[in-house]
2 protein chains.
Amino acid sequence: MHPNLLDQLRVFQAVVEGGSFAAAARALGRAVSAISYAINALEEQLAFQVFDRSTYRVSLTPEGQALLNDAEILLRRAERWEARARSLREKVEAVLPLIADPSYPEGFLVDALKKFEAQYPLVTITVRRAESEEVVRAVREEEFPLGIMLLDHGRQWDGIDGRQVAADKIALVAAPDHPLAQIEGAFPLAELENHRQIHLHSGAFDIRAFDYRVHRTDVWGVDTQSALRMMIEEGLGWGFMPEETARPAIEAGRLVHLNCDGIAQPSLRRFAAVWTTRHPPGKAGEALVASLLRDEEPVPA
Amino acid sequence: MHPNLLDQLRVFQAVVEGGSFAAAARALGRAVSAISYAINALEEQLAFQVFDRSTYRVSLTPEGQALLNDAEILLRRAERWEARARSLREKVEAVLPLIADPSYPEGFLVDALKKFEAQYPLVTITVRRAESEEVVRAVREEEFPLGIMLLDHGRQWDGIDGRQVAADKIALVAAPDHPLAQIEGAFPLAELENHRQIHLHSGAFDIRAFDYRVHRTDVWGVDTQSALRMMIEEGLGWGFMPEETARPAIEAGRLVHLNCDGIAQPSLRRFAAVWTTRHPPGKAGEALVASLLRDEEPVPA
DNA sequence: ATGAACAATCGAATTATTTGAACGAGAAAG
DNA sequence: CTTTCTCGTTCAAATAATTCGATTGTTCAT
């Protein structure tokens, strides 16, 4: 009434691979009669034969042949279960939700996930993008075990631990035919406020609260870096953009650097991976943080 | 040493769903101690707890939570195995390879497979297209259990059984600017031979052997109906095409009917599903043949 | 013909699972 | 604060599932 299907299927597979009950018995380290018993029990459940015993060497019946595929699929799933159990035993997370500031370059993220996936193919990653303020909140309240945020001063770090993982240079850019691009020499910071900024944000929050770089109310917001680039290229406004993302467009003549007095050009922006001290990342989280680390660019003090 | 993992997972799932060991015991019709035993055995295998017993109502540990997904996947796979076994018990094929003449309209096939899939979602269909002569051979030699071929006279039917499943009208067409389309009134059959025919065939065989409609050596062959239509539309030659396939193109003015003395216009073409008398189709094969049957169009004697 | 390899079968032994009863602990009701 | 209910664990006994080794009859290769 309670046959061990998985074990029967393992026997089934071993017989098919070995070509005989005896070979399967040797391979599994059991007596031949145990193999015979298991196959008979399987066939009794199925109510039909999977092996044809009329021949000297047992051979698969058409039904057995048809079942072989499904048996292997089920066994592979069972192996996956074992692998998952082993993972959890070693404190590897099964799912790893990540919340990251939208200004963290997508390319960085993709690079990291590619490296990570090679090590932990079983771990399911989900990514949500939200402003750094929201990242801190979500991590602190343990909605997300891991976050990526801008490394700013003046934030509250109680209960939060983290490490800097990347830095990029941020460029002030506009389209070549934008009025700001026509100005000879450097222009004052105030001049920026006479033109529309295109600003990266996630639609859900009040943009004024989250970026000191927003200088005036004439701001258009978009929620992906590709949309930001497109809108600036179309001359709809000026904006800040990661050097790396902007470079191809600048080389292609679709964007230019702006020369503004008040803004160091290009200015440095640093990102940190963060988590709570109470629930530090497990093995997979550690590996992800290690993958996020970009040591190509030297990190200034 | 040989725990019944699937059973343990069923218990695990029942406890999660019921919220308590007692509820699971009631749901599964077993004693509470059996539930306790099963979960303990599972946890011993895993080497960690899946339920937190410190609370009054048992609750999932984070590890248990993580495993729930995988457990359900594995159980669903096991159910699929049961379903497949049930199918085979009722003589439903697991795979159903089909070999069909390339002139059998793709639309007919898609319609049939859509109906079939609703009844037998577990059955894997594979389709190969080959000339009717090859279909007969492959079915006779049991390389394919089921074939679809042109219903012609003069073939050898020993050991082959079958039934007519569809008929379509076949039209003689060319592009509007083709020389044949410029002729006033009907032209003789011989005139066809002065122009190139575009002919549907599967590349592997000598085309002369397989279609009595091939009238001369200036024949270009293509292996899909869409390619045939395109080439005729481009004015590369004349050809035979199913009325239904041709109609939209004729209405759009991209093709015209040709008026030829020697060819009944449009002429009727009939298709049959065939199998060997020795191995008639099983349940799934029968259902597929039934799905192939198109009774919209009256079948003439 | 003969020996080697194979699979089915049987009874005994072993292992896995179930049961019911006894127990202690938390929760809910009085 | 006690009573009562439900809960999960534990234990020993019972049952079911699986394994083993020995025996038998078969087919294959020599």
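Per chain, numbering begins at 1; letters A, B, ... match sequence-line order. The shown structure was predicted, so the numbers you read here are calculated from the model rather than taken from an experiment.
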Nearest-angstrom distance from the residue atom NE2 of B/H2 to C1' of D/dA16: 16 Å
Separation of atom OH in B/Y37 from atom P in D/dA16, rounded to whole Å: 16 Å
Options C/dT18, D/dT19, C/dT9, nucleotide nearest the side-chain atoms of A/S36: C/dT9
Touch class at under 4.0 angstrom, heavy-atom based, for A/A22 against every strand present: sugar-phosphate
Atom of B/G285, atom of B/L146 and distance for their closest heavy-atom approach: O-CD2, 4.3 Å
Short side-chain N/O contact from A/R26 to OP1 or OP2 of C/dC6, under 4.0 Å: yes
Atom pair distance, as rounded to whole Å: CZ in B/R57 and C1' in C/dA28: 11 Å
Interatomic distance, B/Y56 OH vs C/dG26 C1' [rounded to whole Å]: 6 Å
Short side-chain to backbone donor-acceptor contact, B/T277 and B/G159, under 3.5 Å: yes
Polar side chain donor-acceptor pair, A/S132 to A/D101, under 3.5 angstrom: yes
Length of the line joining B/Q49:CD and D/dT9:C1', which is rounded to integer Å: 12 Å
Sugar-phosphate only, base, or nothing, as touched by B/S20 at under 4.0 Å among non-hydrogen atoms: sugar-phosphate
Whole angstrom value for the distance that separates C1' of C/dT17 from CD of B/Q45: 14 Å
Short side-chain N/O contact from A/R53 to OP1 or OP2 of C/dA7, under 4.0 Å: no
A/F108 ring center near A/F271 ring center (under 6.0 Å): no
Rounded distance (Å) that lies between atom P of C/dT19 and atom CD1 of B/I35: 8 Å
Pairwise distance CG(B/L6) to CG(B/L74) - rounded to 0.5 angstrom: 5.5 Å
Check: B/S33 side chain, C/dG20 base, donor-acceptor under 3.5 Å: yes
Separation of atom CZ in B/F21 from atom P in C/dT19, rounded to whole Å: 15 Å
Sugar-phosphate only, base, or nothing, as touched by A/N40 at under 4.0 Å among non-hydrogen atoms: nothing
Contact nearer the 5' end of DNA chain D, comparing A/S54 with B/A23: B/A23
